[in-house]
Number of protein chains: 4
Amino acid sequence: MPGPGARAQPTDADASTATRILDAAEILFAQRGFAGVSVREIAGQVGLNQGSIYNHFPSKQSLYEAVLQRGLTPFREILESAATELTGPDARDALLERLVDQLWRTPNIAKLIQREVLDDGEVLERLSEQWLRPIYTAGRAAMDAVPQVRESWVERDIPFVVLGMYHFLFGPFGSAALTRRVIGEEPLSEDMRQAHIDFLKRATHRLMGGA
Amino acid sequence: MPGPGARAQPTDADASTATRILDAAEILFAQRGFAGVSVREIAGQVGLNQGSIYNHFPSKQSLYEAVLQRGLTPFREILESAATELTGPDARDALLERLVDQLWRTPNIAKLIQREVLDDGEVLERLSEQWLRPIYTAGRAAMDAVPQVRESWVERDIPFVVLGMYHFLFGPFGSAALTRRVIGEEPLSEDMRQAHIDFLKRATHRLMGGA
Amino acid sequence: MPGPGARAQPTDADASTATRILDAAEILFAQRGFAGVSVREIAGQVGLNQGSIYNHFPSKQSLYEAVLQRGLTPFREILESAATELTGPDARDALLERLVDQLWRTPNIAKLIQREVLDDGEVLERLSEQWLRPIYTAGRAAMDAVPQVRESWVERDIPFVVLGMYHFLFGPFGSAALTRRVIGEEPLSEDMRQAHIDFLKRATHRLMGGA
Amino acid sequence: MPGPGARAQPTDADASTATRILDAAEILFAQRGFAGVSVREIAGQVGLNQGSIYNHFPSKQSLYEAVLQRGLTPFREILESAATELTGPDARDALLERLVDQLWRTPNIAKLIQREVLDDGEVLERLSEQWLRPIYTAGRAAMDAVPQVRESWVERDIPFVVLGMYHFLFGPFGSAALTRRVIGEEPLSEDMRQAHIDFLKRATHRLMGGA
DNA sequence: GATGAATGAGGATTCATTCAT
DNA sequence: AATGAATGAATCCTCATTCAT
């Protein structure tokens with residue numbers, strides 16, 4: 001089983017070329033965004049000629065989308081099963097754990113998602129309509145069903161609580177630089193991973209008013 | 001007094017050219033990042049020839065930095081005064097209020113900061129060393145002085161609490177698209193601004209273990 | 001009396017602006033050629049705004065020509081008087097001395113002339129037709145009148161002898177870098193000036209077959 | 001065997017693209033200098049898109065250096081073998097002949113070298129340290145060994161004699177325009193080539209005091 | 001006369017993409 | 001599949017020149 005950040009390392013030479021391209025692209029796009037990365041650079045990272053990329057992906061845009069698609073698929077699966085089962089604190093904790101687990105497996109994807117959110121890109125549009133809105137609705141329903149939540153937040157807070165959950169989940173990846181520079185800890189260590197999971201449960205519990 | 005998002009609208013034609021360039025650049029850089037914006041586009045937005053930009057800023061990079069510098073100055077002032085006075089819950093709430101206030105005044109800057117954090121850019125480096133680290137140290141000291149905090153979090157959580165505060169503050173701007181698409185609310189409305197401030201206080205209070 | 005290379009130093013602030021522009025332009029054009037120098041750079045050297053140049057010269061090209069014109073005028077006068085008097089070795093030596101003298105007074109002009117020759121520029125065209133060809137004709141007639149020359153060179157050599165004279169005269173300026181780097185002497189020193197004059201006489205005497 | 005000025009004509013369409021670029025660049029750089037030539041113009045001369053140049057040379061500067069490098073290599077070889085064998089008048093004449101021969105093969109290079117000397121460029125720096133200074137030292141030693149030279153020049157003249165040799169060699173190429181305009185002869189004709197060689201030997205002999 | 005700002009053309013270089021080999 | 005070379009558009013930036021102030 002690959003450890004966290006598996007794709008953050010340069011990939012084995014014997015992986016399929018398409019996979020190696022995806023891996024390199026994922027890292028670079030996560031580091032500098034779509035516009036900040038050139039096809040040449042990706043090719044160079046893979047040890048490939050610039051034009052060879054186009055034997056595997058019809059365009060830079062489609063390569064980018066393939067990266068996202070590959071990275072999002074596990075989340076889609078997690079969310080799909082969750083949407084119907086969000087019944088109580090335990091289910092919520094289980095969901096959180098699976099999400100955090102997956103995020104730590106592909107931290108570049110976490111960054112890419114945050115970039116997409118910042119860019120308000122097309123991918124976000126599709127993502128929103130298909131996965132996030134349903135999950136949000138389910139999540140709100142679940143929260144509404146918990147008396148402690150209803151009592152501890154006013155209606156107006158709820159969106160922020162949800163957004164807060166998003167940031168609690170994704171933040172550590174997008175803010176890795178901040179952690180390193182300001183807090184002085186290596187953000188993607190196994191140590192931090194454990195701490196992230198623990199914190200998430202405690203913080204959620206607290207935000208949920210003790211439930 | 002200019003309302004929230006003052007600089008989000010194209011600026012008056014009678015403002016100084018440099019200011020109009022800064023305004024246009026701020027909006028575009030916030031929307032699409034440094035690499036995603038061309039000098040030509042900025043110039044076009046101002047109604048200027050491409051080369052005329054260089055009568056006011058020696059390079060695209062320096063224009064970008066000027067945007068950040070202008071946007072960060074108010075925060076610098078807020079943080080400067082705060083660093084010495086972070087004495088208790090009231091001081092904390094006051095600081096939060098001033099920060100949120102400023103963020104809502106210049107939401108583009110909030111996005112730009114999040115982009116800088118994602119990019120781990122040079123600006124972040126300077127920012128970290130000069131202001132964020134000191135503020136973090138002061139903030140941690142303040143938190144350590146509060147018994148409720150010490151009791152309610154384990155040592156390991158603290159960095160996440162701090163990061164969480166960052167996300168509570170900045171998140172709504174960077175995630176505006178998410179709010180609009182998933183939650184279905186207009187994220188930069190006056191309504192949301194009020195809700196943001198209220199939520200922040202409540203959430204902080206709660207994260208601080210009731211203090 | 002100004003020493004050699006008078007115009008090679010930045011000029012007095014109280015000289016007329018046009019003169020200061022000419023001085024700066026002369027130095028820069030000599031160093032890097034017409035295409036290698038920008039109007040902005042000249043203006044900067046004079047401490048003037050870019051546009052101010054155009055209060056004194058209608059275009060970069062015309063400034064360049066003014067530099068040449070100013071620099072060439074003394075030579076024109078020398079050559080004009082010489083063309084009619086080139087009667088024997090003494091007249092020849094006197095002409096040489098006056099030419100070398102003038103060249104050392106304005107070494108930048110010497111370089112500029114060599115650049116013009118390399119570029120086969122328009123200035124060279126006018127120069128050739130008006131002064132150089134007449135002087136050449138007169139010079140050849142003078143040489144033909146000297147038995148030692150007739151005897152010591154074949155007809156075919158004469159153009160090269162003349163060209164050689166040109167290079168003996170102008171070479172040390174255009175090749176100043178060579179002198180400095182290869183021979184290891186400071187090429188524009190007073191010492192070298194004296195040596196140049198002495199050498200020229202000896203070399204000419206020798207090339208002229210002892211006359 | 002290619003005649004003189006072989007590279008002065010636009011090159012065969014079936015030569016390698018890099019070679020055709022080098023050929024076009026050599027001609028243009030010789031005519032107008034580095035700053036006076038645009039990449040677009042070189043590309044146009046080769047019938048290539050502007051950007052295609054960069055498939056063969058990473059920058060204009062490096063293309064320029066490649067032109068020089070290619071042109072200088074034969075001289076390097078000539079000088080390398082000569083530096084050790086400069087034993088007497090015959091060796092000197094042989095060296096001269098080989099140099100003139102090579103210069104007439106690549107007259108553009110002769111002009112380029114003169115431009116470099118005028119510009120005091122980086123190439124000149126490297127050239128000086130590696131080839132010219134050693135050759136100069138060897139040449140001076142050779143001259144010092146010849147009694148006629150010692151007797152016919154004063155110590156102070158020697159650098160000028162050496163510079164004079166340089167100009168006798170390279171002058172006709174850089175001054176081609178002068179020859180054409182003032183003397184009225186076609187400077188790069190086979191006729192002139194022969195005359196150049198003959199003159200050089202005679203002039204050298206004379207400058208060397210008959211040796 | 002000087003200035004700062006404007007302009008359009010052109011500077012070198014990079015871009016994503018195509019295509020023959 | 002992979003490559004090297006080609007392309008046209010776009011990149012940032014500098015150019016000479018103009019003009020209102």
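Proteins come first, then strands; the chains are lettered A, B, ... in the order of their sequence lines, and each starts at number 1. All figures in this text were calculated on a predicted structure; none of them were measured in a lab.
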Discussion item. On a heavy-atom basis, which atom in D:F173 and which in D:P107 lie closest, and how many Å separate them?
Written reply: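 Looking at all heavy atoms of both residues, the shortest contact is CD2-CB, 3.6 Å.
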Worksheet item: Which heavy-atom pair separates B:E116 from B:L68 by the least distance, and what is that distance?
Response: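 Taking B:E116 first and B:L68 second, the nearest heavy atoms are CG-CD1, 3.9 Å.
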Would you say [X]'s side chain and [Y]'s backbone share a donor-acceptor pair under 3.5 angstrom?
X      : Y      : result
C:Q45  : C:A24  : no
A:R181 : B:E129 : no
D:R115 : D:Q31  : yes

[X] [atom1] to [N] [atom2], straight-line distance once rounded to whole Å:
X     : N      : atom1 : atom2 : result
B:I21 : F:dC12 : CD1   : C1'   : 15 Å
C:Y54 : E:dT7  : OH    : P     : 18 Å
D:Y64 : E:dG11 : OH    : P     : 19 Å
C:I53 : E:dT3  : CD1   : C1'   : 13 Å
A:K60 : F:dA10 : NZ    : P     : 15 Å
B:R20 : E:dA6  : CZ    : C1'   : 12 Å
B:F57 : E:dA6  : CZ    : P     : 11 Å

Worksheet item: With side chains defined as the heavy atoms from C-beta onward, is the minimum distance between D:L72 and D:I113 less than 4.5 Å?
Response: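 Of all side-chain heavy-atom pairs linking D:I113 with D:L72, at least one is under 4.5 Å.
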Discussion item. Please list, in numerical order, the residues of residues 42-52 of chain C that have a heavy atom closer than 4.0 Å to any atom of DNA chain E.
Written reply: C:L48, C:N49, C:G51, C:S52
Worksheet item: Where does the angle between the aromatic ring planes of B:F29 and B:F34 fall among parallel (under 30°), tilted (30 to 60°) and perpendicular (over 60°)?
Response: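 Parallel: the ring planes of B:F29 and B:F34 meet at under 30°.
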Worksheet item: Are any of D:R40's side-chain N or O atoms less than 4.0 Å away from OP1 or OP2 of E:dG11?
Response: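 Yes, D:R40 has a side-chain N/O under 4.0 Å of OP1/OP2 on E:dG11.
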Worksheet item: Can you tell me if the side-chain N/O atoms of D:H56 get under 4.0 Å from OP1 or OP2 in F:dG4?
Response: no
Discussion item. Heavy-atom count check: over 12 atoms from other residues, nucleotides or ligands less than 6.0 Å from D:E122 CD?
Written reply: no
Discussion item. Taking atom CD as the centre, does C:Q69 end up with more than 12 heavy-atom neighbours from other residues, nucleotides or ligands that are less than 6.0 angstrom away?
Written reply: no
Which pairs with one or both residues in [range] pass salt bridge (charged side-chain N to carboxylate O under 4.0 Å, His left out), sequence neighbours excluded?
range                     : answer
residues 49-63 of chain A : none
residues 35-50 of chain B : B:R32-B:E41
residues 43-55 of chain A : none

Worksheet item: What dot-bracket string describes DNA chain F from 5' to 3', counting Watson-Crick and G-U wobble pairs whose defining distances are under 3.5 Å, with [ ] for crossing pairs and | for pairs to another strand?
Response: .||||||||||||||||||||
Worksheet item: Any idea which of E:dT7, F:dA16, E:dA2 is nearest the B:N55 side chain?
Response: E:dT7
Discussion item. Judged by each residue's nearest nucleotide on DNA chain E, which is more toward the 5′ side, B:T17 or A:V39?
Written reply: B:T17
Worksheet item: Of A:S59 and D:P58, whose nearest nucleotide on DNA chain E comes first from the 5' end?
Response: D:P58
Discussion item. Can you pull out the residues from residues 31-38 of chain A that lie within a 4.0 Å heavy-atom distance of DNA chain F?
Written reply: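 Residues of residues 31-38 of chain A that come under 4.0 Å of DNA chain F do not exist, since none gets that close.
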